[in-house]
2 protein chains.
Amino acid sequence: MYTRKIQEDPDCGIYLAMRVLGGKWKCCILDAIRGISRPSEIARYITEASTRVIEMQLAELLFYGIVEKCAEDVYPKKTEYKLTSFGETLLPILSKIDQWGIEHAEVIKDRMSELQEDE
Amino acid sequence: MYTRKIQEDPDCGIYLAMRVLGGKWKCCILDAIRGISRPSEIARYITEASTRVIEMQLAELLFYGIVEKCAEDVYPKKTEYKLTSFGETLLPILSKIDQWGIEHAEVIKDRMSELQEDE
DNA sequence: ACAATAACCGATAAAAGATTCGGTATGGGG
DNA sequence: CCCCATACCGAATCTTTTATCGGTTATTGT
């Protein structure tokens with residue numbers, strides 16, 4: 001996991017939430033983890049992200065107590081991750097954010113593409 | 001503004017939303033901008049962030065159409081930024097995130113501090 | 001015995017983002 | 001006239017995050 005050298009503590013709830021939710025794929029993983037729970041399945045689901053990143057972000061989510069690991073110690077290692085009750089408190093927020101993003105996808109993608117044009 | 005070299009387009013609303021909201025101080029600026037609107041005031045309000053960052057993040061918010069600039073072209077340059085109607089659609093989400101962060105501040109800070117201990 | 005899959009970890013390269021420092025231009029007060 | 005404030009921008013530098021690659025351990029199917 002990454003440890004920061006410079007630390008801040010604005011008593012800003014958003015800042016704190018972003019320490020937990022920030023990360024390129026974390027939200028997608030959380031979204032995925034509601035249906036599928038095994039790392040290899042998540043990796044197949046989110047094809048854009050490498051398995052390494054998924055591992056790392058899962059480790060962070062585990063660290064913050066958002067997900068928990070239920071490793072049945074049997075054959076081809078059936079590790080499963082699932083949301084903790086703490087993690088579940090995030091769901092309404094995540095769906096709100098997701099909804100907003102989808103609702104305004106056109107505009108955002110449009111702007112985003114403008115950034116790439118000139119290269 | 002930063003232009004990304006590697007691009008993705010997961011049709012994940014959260015990912016899109018994070019392109020707009022991501023950034024160390026953007027949420028704090030959005031929070032501030034409801035009361036105060038001039039760059040120098042924001043800078044004095046968010047003392048941890050340098051004026052340069054605030055400028056850059058304001059530029060991004062402007063770019064995505066979240067805020068708009070109302071520069072009265074008069075004396076000590078009374079530039080004012082305010083939320084657009086698009087930006088206002090973010091408010092309920094931002095307050096939800098903020099609320100969550102404050103509600104779980106103890107746990108999160110606790111975990112965060114653990115990361116810094118060993119150096 | 002051998003290839004295949006799952007779940008990891010460590011090291012390092014590369015990209016993205018933040019900070020710092022200096023600079024411009026404008027106008028006001030002493 | 002000089003200094004201060006505001007609002008910016010550019011570039012160098014550093015931190016943080018992500019990507020890539022290889023390695024480990026264990027178990028299953030052939």
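Letters A, B, ... mirror the listed sequences (proteins, then strands); counts begin at 1.
D:dA5 atom P lies 15 Å from atom CD of B:Glu41, rounded to whole Å. If you measure from atom CD of A:Glu55 to atom C1' of D:dT17, you get 16 Å, rounded to the nearest angstrom. In this entry the distance linking CE of B:Met56 with P of C:dC21 reads 14 Å, nearest Å. Distance CG (A:Leu61) to P (C:dC8): 13 Å, rounded to an integer number of Å. Put simply, CG on B:Leu62 is 13 Å from C1' on D:dA7, counting in whole angstrom units. As a whole-Å value, the separation of A:Ile54 CD1 from C:dA6 P is 13 Å. Atom CG of B:Leu58 is separated from atom C1' of C:dG17 by 16 Å (rounded to the nearest Å). The distance from atom CE of B:Met1 to atom C1' of D:dA11 is 17 Å, rounded to the nearest whole Å.
Panel note: side chain A:Thr84, backbone A:Gly65; a donor-acceptor pair is recorded below 3.5 Å.
Contact between the side-chain N/O atoms of B:Arg38 and the OP1/OP2 oxygens of D:dC8 is not found at any separation under 4.0 Å. Between D:dA7 and B:Lys69, no contact under 4.0 Å exists linking OP1 or OP2 to a side-chain N or O. In terms of phosphate contacts, B:Lys24 brings no side-chain nitrogen or oxygen within less than 4.0 Å of OP1 or OP2 of D:dT15. For B:Ser40 and D:dA7, the shortest distance from a side-chain N or O to OP1 or OP2 is below 4.0 Å.
The residue A:Lys26 sits apart from the nucleic acid: no heavy atom pair falls under 4.0 Å. Residue A:Gln57 is classed as a sugar-phosphate contact, given heavy-atom separations below 4.0 Å to backbone atoms only. When heavy atoms are screened at a 4.0 angstrom cut-off, B:Gly23 is found touching the sugar-phosphate backbone but no base atom. Residue contacts for B:Ser50: at a heavy-atom cut-off of 4.0 Å it reaches a base atom on one of the strands shown.
Taking only side-chain atoms of A:Thr79, from C-beta outward, the nucleotide of C:dA7, D:dC8, C:dT20 with the closest atom is C:dA7. Checking D:dT6, C:dC8, C:dA16 against the side-chain heavy atoms of B:Arg4 singles out C:dA16 as nearest. Of the candidates C:dA6, D:dC8, C:dA18, C:dA18 carries the atom nearest the B:Val53 side chain, counting heavy atoms from C-beta on. Taking the side chain of B:Lys5 as heavy atoms from C-beta on, and the options C:dA15, D:dT6, D:dA19, the nearest nucleotide is C:dA15.
Overall bending of the helix from C:dA1-D:dT30 to C:dG30-D:dC1, expressed as the angle between end axes built from five pairs apiece, is 10° (10° steps).
Partners of A:Glu55 according to the side chain to side chain donor-acceptor pair (under 3.5 Å) rule, which considers only residues two or more places apart in sequence or in another chain, are A:Arg52.
Contact of the A:Leu21 side chain with the A:Lys26 side chain is not registered, since no non-hydrogen atoms from C-beta on lie closer than 4.5 Å. The shortest side-chain heavy-atom distance between A:Leu94 and A:Leu30 falls under the 4.5 Å cut-off. Residues B:His104 and A:Leu16 fail the side-chain proximity criterion, which asks for heavy atoms closer than 4.5 Å.
Within a 6.0 Å radius of NZ in B:Lys96, no more than 12 heavy atoms belonging to other residues, nucleotides or ligands are found. B:Phe63 CZ: more than 12 foreign heavy atoms inside a 6.0 Å radius.
A salt bridge links A:Glu114 with A:Arg111; the closest basic N to acidic carboxylate O contact falls under 4.0 Å.
Under 3.5 Å, the side chain of B:Tyr2 and the base of C:dA18 form at least one donor-acceptor pair of N or O atoms.
Take the nearest nucleotide of DNA chain D for A:Arg19 and for A:Arg52: the residue whose nucleotide is more 5' is A:Arg19.
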